[in-house]
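Values in this document were obtained by computation on a predicted structure and should not be read as measured data. No hydrogens, no waters, no symmetry mates; every other heavy atom, side chains included, goes into these values. Numbers here simply count residues along the sequence, with the first being 1.
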Amino acid sequence: MVNFRKIEEGEPLIFRDRRNNEVYTENVKFVGFAATGHPVVEFENGKRLMVLPEQLSYPGEEEFVNIRI
């Protein structure tokens with residue numbers, strides 16, 4: 001997970017989102033924090049989104065969690 005105490009504005013990150021039982025990854029840039037304290041990232045198309053910290057990782061750091069039901 002990303003350490004937001006040391007992260008700088010404009011730093012590249014990986015965003016993971018689960019949709020339709022698939023995990024999507026996109027390259028994003030960190031742009032700051034929302035009033036709620038959640039991180040805000042900017043996508044390659046310029047769209048900004050408030051995300052959960054656990055949805056972000058540094059490039060090259062792969063974290064996978066296996067969940068069996």
Side-chain angles (χ1 to χ4, degrees):
M1 190 182 332
V2 175
N3 182 352
F4 287 102
R5 293 185 186 140
K6 296 182 179 181
I7 195 166
E8 294 183 19
E9 193 171 312
E11 190 163 345
L13 298 170
I14 303 292
F15 170 74
R16 284 196 181 89
D17 187 25
R18 179 170 285 237
R19 290 175 264 158
N20 302 325
N21 293 325
E22 291 188 38
V23 176
Y24 295 87
T25 61
E26 294 186 57
N27 295 320
V28 295
K29 284 192 291 189
F30 178 71
V31 294
F33 292 98
T36 60
H38 288 88
V40 177
V41 296
E42 184 175 290
F43 292 84
E44 292 176 351
N45 64 5
K47 178 181 171 186
R48 290 186 176 196
L49 182 67
M50 185 174 67
V51 297
L52 298 173
E54 53 267 16
Q55 291 177 291
L56 299 172
S57 66
Y58 293 112
E61 276 188 16
E62 294 294 328
E63 295 181 15
F64 295 97
V65 177
N66 289 330
I67 300 173
R68 293 186 182 194
I69 299 176

Donor-acceptor pairs under 3.5 angstrom involving side-chain atoms of residues 35-53: please list them, not counting sequence neighbours.
from	atom 1	to	atom 2	distance (Å)
T36	OG1	H38	ND1	2.8
E42	OE1	R48	NE	2.9
E42	OE1	R48	NH2	3.1
N45	OD1	K47	N	2.9

Can you list, pair by pair, the side-chain donor-acceptor contacts under 3.5 Å of residues 20-30, counting residues two or more places apart and other chains?
none

Gap between atom OH of Y58 and atom CG of L13 - 0.5 Å precision
7.0 Å
